[in-house]
Number of protein chains: 2
Amino acid sequence: MLDQESIPSVGEQAYRLIRNDIIFGRLAPGARLRLEKLRDRYKVSITTLREILARLAADGFVRAEGQKGFAVAPVSDEDLTEIANLRILLECHALEQSFTDGDVDWEASVVAAHHKLNVMERKMISGDLSVRETWKRYDWEFHRALIQACGSQLLLSTHGEIFDKYLRYQMLTLTFRGEEAARDHRDLMQAALSRDAEAGKTILRRHILNGVEHSIQARVAERLSA
Amino acid sequence: MLDQESIPSVGEQAYRLIRNDIIFGRLAPGARLRLEKLRDRYKVSITTLREILARLAADGFVRAEGQKGFAVAPVSDEDLTEIANLRILLECHALEQSFTDGDVDWEASVVAAHHKLNVMERKMISGDLSVRETWKRYDWEFHRALIQACGSQLLLSTHGEIFDKYLRYQMLTLTFRGEEAARDHRDLMQAALSRDAEAGKTILRRHILNGVEHSIQARVAERLSA
DNA sequence: ATTCGAAAAATAATTGATTATTTTCCAAAT
DNA sequence: ATTTGGAAAATAATCAATTATTTTTCGAAT
C-alpha cells in the first residue's frame with residue numbers, strides 16, 4: 001500500500017537534507033553556500049536551491065546576504081546562551097501547562113519516550129557513539145512529549161524551532177555528559193508523573209544550563225587543540 | 001547620494017508587498033494563492049513567487065499544502081489567544097530584562113517612541129482613521145523600544161515574529177480601544193522610566209489580554225452582521 | 001440517480017537559459 | 001609601491017518553458 005503523501009517532492013527532500021547537514025555540522029558554520037556547488041552536491045537545480053535556502057534563512061539556519069549569496073549561520077557562545085535562555089523560558093512555561101493539563105495518554109507517551117531515550121543513553125554510556133543521531137532524536141522526542149499537553153500549537157512550534165537551534169550546537173561539539181544527563185531525564189519523567197511542575201522546571205533549567213556549560217567548555221577545548 | 005543597499009531586489013520588494021498584504025488583510029485569511037494570479041498582481045515570475053511563498057510559509061503567514069498549492073494562513077480565536085499568550089510570555093520576560101539592563105539612551109528611545117505613538121493615538125481618538133497603519137507601526141516601535149535592552153537578539157527577533165502575527169489580527173478587525181490603550185502605553189512608559197518591572201508586566205499583560213478580548217468581540221460582531 | 005474511471009484542464013514543481021550584480025584581475029596613473 | 005578604473009570572470013536573481021501532479025469534467029456502467 002503505497003502512501004502517496006509519504007513521497008516528498010525533490011525540493012522537499014533536498015530541503016531536509018541540507019537542513020540536517022547544517023544541524024549535524026556537515027555544512028560548517030559560516031561556510032559560503034555557492035549555488036553551483038550545492039547543485040552538484042544535492043542534485044537539484046539552482047532555482048530549487050534558492051527556494052530551499054530562502055526557507056532555511058527564514059528558519060535561521062542560513063544567512064541571506066542580499067545579492068551576495070547565502071552562508072551557513074555562524075555559531076557563537078553568545079548565540080548558544082541566548083538560545084538556551086529562550087529554550088528555558090519557552091520549555092519551562094510549556095512544561096508547567098503540560099503538567100497541569102496532561103492526561104493519562106500524555107503520561108504514557110512520556111514514559112514511552114523516556115524508555116526509548118534511556119535505551120540510547122545506555123548505549124552511549126557504554127561507549128557506542130554510532131547511535132548519536134538517534135540518541136539526539138529521542139532526546140527531542142522526550143522533551144517534546146513532556147510539553148505536548150501545553151495546549152498551544154504555536155508554543156510547541158516555536159519551541160521546536162528553538163530546540164533545533166540548540167540541537168545544532170550539541171551536534172557541533174557532540175559531547176555527552178553521560179550519567180548526569182540520564183539522571184536529569186529520569187528526574188524529569190518522575191516530576192511529570194507526579195505533576196510537580198516546580199521540580200520539573202528546576203531540573204529542566206539545570207539540565208539545559210549544564211548542557212550549555214558543557215558545550216562551551218568543549219568548544220574552548222576544541223579551539224585550544226586546533 | 002544613491003545608497004545602493006536601499007534598492008531591494010524585485011523579489012524582495014514583492015516579498016514585502018505580499019507579506020504586508022497578508023498582515024493588513026488585503027489577502028484574506030484562507031484565500032488560495034494561485035501562482036498565475038499572483039504573477040499578474042505582483043508582476044514577478046512564478047519561480048520568484050514560489051521562493052517568496054516558501055519564505056512566508058516559514059514565517060507562518062502562508063500555509064504550504066504539499067503539492068496542492070499555498071493559501072493565506074487562516075485566523076481563529078484560538079490562534080489569536082495562543083499568539084497573545086506567547087506574546088505575553090516573551091514580552092514580559094524581555095521587558096524585565098530590559099528594565100534591569102537599559103541605560104539612559106534606552107530611556108530616551110522609550111520616551112521618543114511613546115511620543116510618536118501618542119501623536120497617532122490622539123489622531124485616532126479624534127476620529128482620523130486614515131493614520132491607522134502608521135499608528136500600528138508606532139505601536140510596534142514603542143513596544144520594541146521597551147524591550148530593546150533585553151540583551152538577546154534571538155528573543156527580540158522571536159518576539160518580533162510573534163508581534164507581527166498579533167498585528168495581523170489587529171489589522172483584520174481594526175478596532176481601536178481609544179483612551180484605554182493610550183493610558184496603558186503611558187503607564188508602560190512610566191513603569192519603564194521608574195524601572196518597575198512588576199508593574200510593567202502587569203500593565204502589559206492587561207493591555208494585551210484586553211486587546212484580545214476586544215478583537216474577539218469585534219470578530220463576533222462582524223460575524224453577526226455578515 | 002449514483003458511482004467509477006479516463007481524459008482534459010488546471011495548477012504545482014522543476015529545469016536550464018538569460019539577465020543582473022558582485023568580485024576579481026590587471027593595466028594605467030600617481 | 002599604491003590607487004584607480006575598466007574589463008573579465010564568477011555568481012546571484014529572474015525568467016519562461018517543460019515536466020509532474022492535482023482537480024475537474026464527462027461518459028459509461030450500475
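Computed from a predicted model, the values in this text were never measured in an experiment.
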For this session: In whole angstrom, give the distance that lies between atom CG of B:Leu53 and atom P of C:dA13.
Result: 10 Å
Exercise. Given the rule in the side chain to side chain donor-acceptor pair (under 3.5 Å) test, do B:Asn118 and B:Tyr138 qualify, once you have shown the distances and angles that lead to the verdict?
Worked result: CA-CA 9 Å; B:Asn118 195 248; B:Tyr138 290 170; over 6 Å; no
For this session: Mind calculating the distance between CG (B:Leu33) and P (C:dT11) to the nearest angstrom?
Result: 13 Å
Problem set entry | Proximity to the side chain of A:Leu35 - top-ranked nucleotide from D:dC15, C:dA12, D:dA12 | D:dA12
Exercise. Is a donor on one side and an acceptor on the other found under 3.5 Å between the side chain of B:Glu82 and the backbone of A:Leu154?
Worked result: yes
Problem set entry | Distance, rounded to the nearest Å, where A:Arg63 contributes CZ and D:dA12 contributes P | 18 Å
For this session: Can you tell me the distance, in whole Å, between the CZ atom of A:Arg34 and the P atom of D:dA9?
Result: 18 Å
Exercise. Looking at A:Trp106 and A:Ala145, what are the two nearest heavy atoms and their distance?
Worked result: NE1-O, 2.8 Å
For this session: Between B:Arg32 and A:Ser45, name the one whose nearest nucleotide on DNA chain C is closer to the 5' end.
Result: B:Arg32
Exercise. Do the ring centers of B:His143 and B:His159 come within less than 6.0 Å of each other?
Worked result: no
Exercise. Has A:Ser9 got a side-chain N or O lying under 4.0 Å from the OP1 or OP2 atom of C:dT14?
Worked result: yes
Exercise. At under 4.0 Å between heavy atoms, what does B:Thr47 touch on the DNA or RNA strands: base, sugar-phosphate, or nothing?
Worked result: base
Exercise. Which whole-number value in Å describes the distance from B:Leu49 CG to C:dT14 C1'?
Worked result: 15 Å
Problem set entry | Rounded interatomic separation in angstrom, taking CD from B:Glu51 and C1' from D:dC15 | 12 Å
For this session: In whole angstrom, give the distance that lies between atom CD of B:Glu36 and atom P of D:dC15.
Result: 14 Å
For this session: Locate the shortest heavy-atom distance separating B:Ala73 from B:Gly60; write the atom from each residue and the value.
Result: CB-O, 3.5 Å
Exercise. Which residue, B:Gln67 or A:Ile46, contacts DNA chain C at a nucleotide closer to its 5' end, judged by nearest heavy atom?
Worked result: B:Gln67
Seminar exercise, completed: Considering only heavy side-chain atoms of B:Arg50, the closest of C:dT15, C:dA12, D:dT23 is C:dA12
For this session: Could you state the atom-to-atom distance from CG of A:Leu38 to C1' of D:dA12 in whole Å?
Result: 13 Å
Exercise. Is the distance from OP1 or OP2 of C:dT15 to the nearest side-chain N or O of A:Arg39 less than 4.0 Å?
Worked result: no
